[in-house]
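Worksheet: the structure to be examined is printed underneath.
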Amino acid sequence: MFGTNPEHMLPKPILLSRAQIDAQAWDNHIHHSRQCVIYALSWYLDVVCEQWQALIWPSAADFSIVMPLPMRRKFGRRVLYQPLFCQYLGLFSKDELSTRQCSAFLEALKTHFSYISSYAFSPEDYALYDKIRDKDVDWEVFQTHWLRLDHSYDLLFSGYSKDRRTNVKRGRKAIWEIIESDDFGPLIDLFNKNHAQRIGKIEPGAYQTLRLLGTKCIQNGNGRLMYALAGRRVHAGILLVHFRGRTIYIFNAADENGRRGNARAVMLDNYIRENAGKEQVFDFESPPNQSIAGYYAGFGAEEIPFFSIRRNALPFQLRQIQEFRKWLIIKTRRYLSSSLYTTLNPFPKTRF
C-alpha cells in the first residue's frame with residue numbers, strides 16, 4: 001500500500017472537526033480497531049471533552065487510521081489535553097501499525113498543536129512509540145494494571161496477594177448488601193466528603209461530567225454502578241465501564257466504614273468471580289500513586305506501561321506570559337500562606 005521505496009512518504013493525516021466526523025462510521029471503526037477502548041467512542045468523547053477533533057488517514061470518506069484529539073482554547077490557540085475519565089487515546093487502526101505511520105501522525109500532531117498539556121497513547125502500541133521518541137516533545141511513562149480474567153476464579157483468587165485475600169475474606173464477613181443503581185448522587189457525595197480534600201482542587205464541572213458519563217454508559221449498556229450498603233446506608237460505590245472485552249474501574253469512593261470493611265474489595269472480587277473464565281481484561285486504571293497502584297497489583301494484576309507526551313512550542317511572548325503567570329501564582333500562594341500564618345499567629349516570636 002505504501003510502496004517499497006524507502007524514500008516514499010506516507011500521505012499526511014487529515015485534520016477533521018467534530019462536525020465533519022460521521023459518528024456511526026467512527027464508532028464502527030473504533031469497534032473493530034486493534035486498540036479498541038470505550039474512551040475513543042464518539043459519544044464518550046462528546047461527554048468528557050470540551051471539544052474534540054481528529055486526525056484521520058487516508059480520507060474522511062474511507063479512513064483506516066484515526067486519532068481522536070481532545071482540545072480546548074487557551075491564549076487564542078488550540079491546546080491538546082487529556083480529559084478526565086479518559087486514561088489514554090492514541091491511534092486506532094484495524095491493521096497492525098508501523099513506526100512510519102506512528103511518526104506521520106506525531107508529526108501532524110506537532111504541526112497542528114504548538115501546545116500539548118498532556119496526551120496519552122494506548123498501551124497496545126507502547127513498543128512502537130518507544131521507537132519513535134524525539135526531542136520535540138517530552139515523553140513520560142505511566143502505568144496501569146490489567147487483570148486477564150480468562151482463568152478459573154480459584155486460579156485468579158490464588159493470584160491475589162496475601163493482604164488482598166485477607167481483605168476480601170474480612171469484607172465478606174461484614175455481610176455487605178451489594179446493589180446496582182443508576183443514581184450517582186451517593187457516589188459523588190461519598191467522594192466529596194471522604195476523598196476530595198486529600199486530592200486538592202477538583203476541576204469545575206467534574207462531578208457533572210461524571211454524572212452525565214455514567215448515566216450515558218448505563219443507558220448504552222456499557223456501565224455498572226454498584227453500592228455496598230449496611231443498614232440501608234451507602235458506605236462505598238464503584239463505577240465500571242465495559243466495551244469489547246475490556247472493563248475499566250473508572251471511579252470509586254468509600255467512607256471510613258466502607259474502607260475498614262473492605263467494601264470495594266468485595267465488590268471488585270464479586271465482579272472478578274462473575275466474569276472468571278471469560279476473554280476479558282479488567283483495567284484498574286491505576287493513578288500515578290504507588291500505594292494505590294500497589295493495592296491494585298495485589299489483585300494479581302499486571303503492570304502495563306503507556307506513554308504520555310507534553311509539548312510547549314508557543315511563541316516566545318506567550319511562553320513569557322505563561323512563566324509570569326506561574327510566578328504570580330506561586331507568589332500569591334506564598335503571600336496568602338504568610339497572611340494566614342500571621343492571622344493565626346498575631347504575635348510571632350522574633351529572633352534577634
Side-chain angles (χ1 to χ4, degrees), residues 38-39 41 43-44 46-49 83-87 144-145 147 164 167-243 246-275 282-287 289 291-293 295-296 298-299 301:
I38 195 170
Y39 303 136
L41 294 176
W43 57 265
Y44 195 101
D46 289 341
V47 174
V48 301
C49 301
L84 287 174
F85 314 116
C86 185
Q87 191 177 28
T144 187
H145 283 81
L147 177 63
R164 210 60 60 243
N167 292 152
V168 171
K169 289 175 181 178
R170 287 176 178 172
R172 290 172 182 168
K173 291 179 181 179
I175 315 179
W176 292 106
E177 179 188 359
I178 309 299
I179 66 167
E180 292 201 29
S181 175
D182 58 4
D183 180 6
F184 285 84
L187 183 65
I188 292 171
D189 190 52
L190 279 170
F191 185 87
N192 196 37
K193 290 180 178 178
N194 299 280
H195 305 279
Q197 289 184 342
R198 292 198 297 272
I199 291 176
K201 185 179 179 181
I202 305 296
E203 281 195 23
Y207 293 138
Q208 179 64 10
T209 299
L210 173 64
R211 191 187 301 272
L212 290 173
L213 178 64
T215 299
K216 187 75 171 178
C217 286
I218 291 173
Q219 289 175 346
N220 289 349
N222 300 111
R224 289 182 67 182
L225 173 62
M226 291 180 279
Y227 289 117
L229 286 70
R232 297 186 178 181
R233 182 175 177 179
V234 175
H235 292 283
I238 66 173
L239 174 62
L240 306 177
V241 298
H242 52 87
F243 181 67
R246 182 168 300 171
T247 298
I248 301 169
Y249 187 34
I250 204 147
F251 198 81
N252 69 90
D255 63 14
E256 185 64 22
N257 289 335
R259 288 194 294 274
R260 289 183 177 179
N262 297 291
R264 287 172 293 185
V266 170
M267 287 188 281
L268 289 172
D269 179 68
N270 284 352
Y271 185 86
I272 292 168
R273 182 195 295 269
E274 292 171 8
N275 292 276
F282 191 94
D283 185 346
F284 284 91
E285 204 181 67
S286 306
N289 179 300
S291 62
I292 298 176
Y295 180 85
Y296 295 156
F299 283 92

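Residue numbers run from 1 in the order of the sequence given.
Atom CG of Leu213 is separated from atom CG of Asp46 by 11.5 Å, given to the nearest 0.5 angstrom. Summarising the geometry, atom CG belonging to Asn194 is positioned 8.0 Å from atom CD belonging to Glu256; distances are rounded to the nearest 0.5 Å. Atom CG of Asp182 sits about 13.0 Å away from atom SG of Cys217, to the nearest 0.5 Å. Atom-to-atom distance recorded for Asp255:CG and Arg233:CZ is 6.0 Å, nearest 0.5 angstrom. Residue Leu225 holds its CG atom at 8.0 Å from CG of Asp183, rounded to the nearest 0.5 Å. For the atom pair CD of Glu177 and OH of Tyr227, the computed distance is 14.0 Å after rounding to the nearest 0.5 Å.
Residues Arg164 and Tyr295 approach most closely at NE-O, 3.1 Å, considering heavy atoms. Of all heavy-atom pairs spanning Ala236 and Arg264, the tightest one is CB-CG, 4.1 Å. Residues Pro83 and Cys49 share a closest heavy-atom pair of CG-SG, 4.0 Å. Contact record, Val48 with Cys86: CG2-CB, 4.5 Å, taken as the closest heavy-atom pair. Looking at every heavy atom in both residues, Ala254 comes nearest to Leu190 through C-CD2, 4.4 Å. Closest non-hydrogen pair, Ser286 versus Thr144, comes out as N-OG1, 3.3 Å.
Not a single donor-acceptor pair under 3.5 Å links the side chain of Asn262 to the backbone N or O of Ala265. Between the side chain of Asn192 and the main chain of Ile188, no donor-acceptor pair closer than 3.5 Å is present. No donor-acceptor distance shorter than 3.5 angstrom exists from the side chain of Tyr296 to the backbone of Asp283, with no hydrogens or angles considered. The main-chain N or O of Glu180 is never found under 3.5 Å from a side-chain atom of Arg224 such that the two would form a donor-acceptor pair. Formation of a donor-acceptor pair under 3.5 Å by the Asn222 side chain with backbone atoms of His242 is found in this model.
Counting heavy atoms from C-beta on, the side chains of Trp176 and His235 come closer than 4.5 Å. Using a 4.5 Å heavy-atom cutoff, the side chains of Phe299 and His145 are not in contact. Side-chain contact between Leu84 and Thr209: absent, with no pair of heavy atoms (C-beta onward) separated by less than 4.5 Å. Under the 4.5 Å side-chain criterion, counting only non-hydrogen atoms from C-beta, Phe284 is not in contact with Ile292. Two residues are said to be in side-chain contact when any heavy atoms from C-beta on lie closer than 4.5 Å; Leu239 and Leu210 meet this criterion. No side-chain heavy atom of Ile248 sits under 4.5 Å from any side-chain heavy atom of Phe85.
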Residue pair Glu285, Ile250: steps toward the side chain to side chain contact (heavy atoms under 4.5 Å, CB included) verdict: CA-CA 7 Å; Glu285 204 181 67; Ile250 204 147; 3.9 Å; yes
What do the steps show when you test Thr247 against Asn275 for side chain to side chain contact (heavy atoms under 4.5 Å, CB included), and what is the final call? CA-CA 10 Å; Thr247 298; Asn275 292 276; over 6 Å; no
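Judged by distance alone, the side chains of Arg170 and Asn167 never bring a donor and an acceptor atom under 3.5 Å apart.
A salt bridge links Arg172 to Asp269: at least one charged side-chain nitrogen sits closer than 4.0 Å to a carboxylate oxygen.
Relative ring orientation between Tyr249 and Phe282 is described as tilted, the plane-to-plane angle lying within the 30° to 60° band.
Taking the centre of each ring, Phe251 and Phe191 come in below the 6.0 Å mark.
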